[in-house]
Every structure is written in structure tokens, then in C-alpha cells.
Amino acid sequence: MFAVIVNTIAILIGSAIGLFLRKGIPESLAAAMMKGLGLCTVVIGLQGTLQEKNILILILSTIIGIVIGEWLDIDGRVNRGAERLTSRFTGEGQGAKIAQAFVTSCLIMNVGAMTIVGSLDAGLRGAFGMLYTKSLLDMIAGIPMTAAMGIGVMGSALFTLVFQGSIVLLAEFIAPYLSETLITELVCTGSLMILALGLNMLELTKLKVLNYLPGLLAVPFVLKLMQALGF
């Protein structure tokens, strides 16, 4: 767990530096930085989705996720909840921006083979090298992300602590089920969501990306179905 704590602290440090820099950034520059970050996010999403070897798994997982997400109205609930929580401390309408910053940073920092494999290595073999490398990358990435999107990025530190920590602690139990194929499919599906977030940041789309999240839970079941059918 020590490496996970280091990763969490690294994100907090990067976010804190970003918040400090954000205070001296003109609004026009912040908007330009957001567009640049959006372009980078699109590239990250494309890189991840290009690993896909069975497009049917990506399609079915995404569609199932959207159906569940729309039915539960995850996007609406989260945004309304964030607005209620932050309305006393920030201006009206800031809740959705904070939620977007939180979700964007969580996906960028935690959707990837480095997160899953690194956490498994830490839990199974006590090898922390990959997570230490990820910590440095997350700290560096957290600076411009927070400077452009605000304090919501800092919340990804808590998510990282819980998500990666769970994988480390449960590594012995979940490792037999996390095949290389499943990890790849999870990364591809998550990367599609990162791509959608990037398009939103560029103001090209207004996709309710939070409603896509159940797609990640659908991936293992869709993969099993495709394997059973011989695809």
C-alpha cells in the first residue's frame, strides 16, 4: 500500500501546485489551456482505443453501459449532487465543472495497463517500480490539469487511493481473473470515455460521459460472451 499512498500524495502535490498557478492565470489563458488539454485528452483516448482487437466487445460494452447509465441518470445525479455540495463555497453552476474535472482526472490517471499491472505487481510481488513511475507521471500531469480545470482534479487522489489500494489488497483474489485480454478490453473501453471527455473539453460535443461508466463493468461479461460464441 505504500506505493499507492505515494501516488496519492504525488497527485495532491501536483494539484496543489496547479491550484497555486491557477490564481495568477487570466481567464482567457485558462480557456486556451483547457482546449490544449482537451486535445491531449483526445490523443490519450485514441492511443488507448487503438489497442482494440475485437471491436464488437467495445461496441457492446459501451452500448450496455450507456443503457444502464441513462436509465440510472448517473450524469444528472452526479452533477446535481456536486452542485448541492459546492454551491455554498463556489459560484452557481460550478458543480458540473468540478465534477467534470474530477471524472476527467480519475479516468486519465487510472485507466491504463500501468495502473492495473502496477497494482497487481505491488500486491503479489511487492514490486513498486511501476507505481512509483506512475506517481511521477500523475504529479506532473496534475499540475496543468488543475491549472486548467480547477480543484476537482484534487479529488482524483482519493479515488486513486481507493481504486489502486483495492487492487493491491485484493491482488491474490482478482489476479486469476484479470487476463491480459480483459485488461486490454478494460483499457480500450475506458479510453473511449477519455476520448469523449476530450471532445467535450474542446466543446465539440456535449456527451454525458458519466453515463458511459457502467460499460467498464459490462466488459468482463461481454468478453465471456464473445469467447463462448467463438468471436
Side-chain angles (χ1 to χ4, degrees), residues 4 7 40-72 74-75 78 102-125 127 130-131 133-134 137-138 141 156 159-201 205 207-231:
V4 178
N7 199 168
C40 294
T41 304
V42 167
V43 172
I44 293 171
L46 285 172
Q47 286 179 328
T49 53
L50 288 175
Q51 300 177 46
E52 182 60 74
K53 297 179 181 179
N54 190 336
I55 193 64
L56 282 176
I57 297 176
L58 179 61
I59 292 172
L60 288 175
S61 298
T62 302
I63 294 301
I64 291 172
I66 291 173
V67 170
I68 296 173
E70 289 287 336
W71 177 56
L72 295 175
I74 296 174
D75 188 89
V78 169
F102 172 70
V103 173
T104 301
S105 57
C106 284
L107 285 173
I108 289 177
M109 293 180 180
N110 290 282
V111 170
M114 181 177 283
T115 299
I116 299 174
V117 176
S119 298
L120 288 175
D121 280 349
L124 293 173
R125 302 191 292 112
M130 193 174 294
L131 286 187
T133 301
K134 181 180 178 296
L137 294 174
D138 287 349
S156 62
F159 179 83
T160 297
L161 178 64
V162 174
F163 180 64
Q164 289 185 184
S166 298
I167 297 177
V168 171
L169 294 175
L170 299 174
E172 291 187 10
F173 302 99
I174 64 178
Y177 304 99
L178 285 175
S179 64
E180 183 177 345
T181 302
L182 176 56
I183 292 174
T184 299
E185 294 301 335
L186 287 169
V187 170
C188 289
T189 304
S191 295
L192 184 66
M193 298 174 195
I194 292 174
L195 175 59
L197 285 168
L199 293 174
N200 282 353
M201 292 166 68
T205 59
L207 299 170
K208 297 179 179 180
V209 181
L210 285 170
N211 288 348
Y212 290 33
L213 290 179
L216 291 171
L217 299 177
V219 170
F221 302 100
V222 174
L223 177 58
K224 284 291 185 183
L225 177 62
M226 291 293 102
Q227 289 174 338
L229 294 175
F231 289 99

Chemist: Supply the atom-to-atom distance Ile116 CD1 to Ile167 CD1, rounded to the nearest 0.5 angstrom.
Modeler: 5.5 Å
Chemist: What distance do Ser119 atom OG and Leu124 atom CG have between them, rounded to the nearest 0.5 Å?
Modeler: 10.5 Å
Chemist: With sequence neighbours excluded, tell me which residues meet side-chain hydrogen bond (donor to acceptor under 3.5 Å, both in side chains) with Glu185.
Modeler: none
Chemist: What closest approach, in Å, do Thr115 and Leu131 show between heavy atoms, and which atom pair accounts for it?
Modeler: O-CD2, 4.5 Å
Chemist: Output a table of donor-acceptor pairs, distance under 3.5 Å, between side-chain atoms of residues 56-70 and any protein atom two or more places apart or on a different chain; print 'none' if there are none.
Modeler:
unit_1	atom_1	unit_2	atom_2	d
Ser61	OG	Ile57	O	2.8
Thr62	OG1	Leu58	O	2.7
Glu70	OE2	Asn211	ND2	3.1

Chemist: Only pairs at least two apart or in different chains count here, so list each salt bridge (charged side-chain N to carboxylate O under 4.0 Å, His left out) that has a residue in residues 51-65.
Modeler: none
Chemist: With sequence neighbours left out, what residues match Thr181 under side-chain hydrogen bond (donor to acceptor under 3.5 Å, both in side chains)?
Modeler: none
Chemist: List for me each residue that meets side chain to side chain contact (heavy atoms under 4.5 Å, CB included) alongside Leu50, sequence neighbours excluded, and say none if there are none.
Modeler: none
Chemist: Side chain of Lys208, backbone of Ile74: donor and acceptor closer than 3.5 Å?
Modeler: no
Chemist: Name all residues meeting the side-chain hydrogen bond (donor to acceptor under 3.5 Å, both in side chains) criterion together with Asn200; count only those two or more places apart in sequence or in a different chain, and write none if there are none.
Modeler: Thr205
Chemist: What pairs with Gln47 under side chain to side chain contact (heavy atoms under 4.5 Å, CB included), at least two apart in sequence or on another chain?
Modeler: Val43
Chemist: How long is the straight-line distance from CG of Leu216 back to SG of Cys188, given to the nearest 0.5 Å?
Modeler: 11.5 Å
Chemist: Quick one: which residue pairs count as a salt bridge (charged side-chain N to carboxylate O under 4.0 Å, His left out) with a foot in residues 113-124, not counting sequence neighbours?
Modeler: Asp121-Arg125
Chemist: Side chain to side chain donor-acceptor pair (under 3.5 Å): which pairs involve residues 218-231, sequence neighbours left out?
Modeler: none
Chemist: Would the distance check show the side chain of Thr49 and the main-chain N or O of Leu46 forming a donor-acceptor pair, the cut-off being under 3.5 Å?
Modeler: yes
Chemist: Could you go through Thr41 and Leu199, starting from their C-alpha distance and side-chain angles, then the distance that decides it, and tell me whether this counts as side-chain contact (heavy atoms from CB on, under 4.5 Å)?
Modeler: CA-CA 8 Å; Thr41 304; Leu199 293 174; over 6 Å; no
Chemist: Supply the atom-to-atom distance Leu182 CG to Leu223 CG, rounded to the nearest 0.5 angstrom.
Modeler: 6.0 Å
Chemist: Heavy atoms only: give me the nearest Ile44-Ile194 pair and the separation to one decimal.
Modeler: CG2-CG2, 4.1 Å
Chemist: Specify the closest pair of heavy atoms between Gly165 and Val4, including all atoms of both residues, with the distance to one decimal.
Modeler: N-CG1, 3.8 Å
Chemist: Does Leu217 have any side chain to side chain contact (heavy atoms under 4.5 Å, CB included) partners at least two apart in sequence or in another chain, and if so, which?
Modeler: none
Chemist: Who passes side chain to side chain contact (heavy atoms under 4.5 Å, CB included) against Phe159, sequence neighbours left out?
Modeler: Phe102, Cys106, Asn110, Phe163
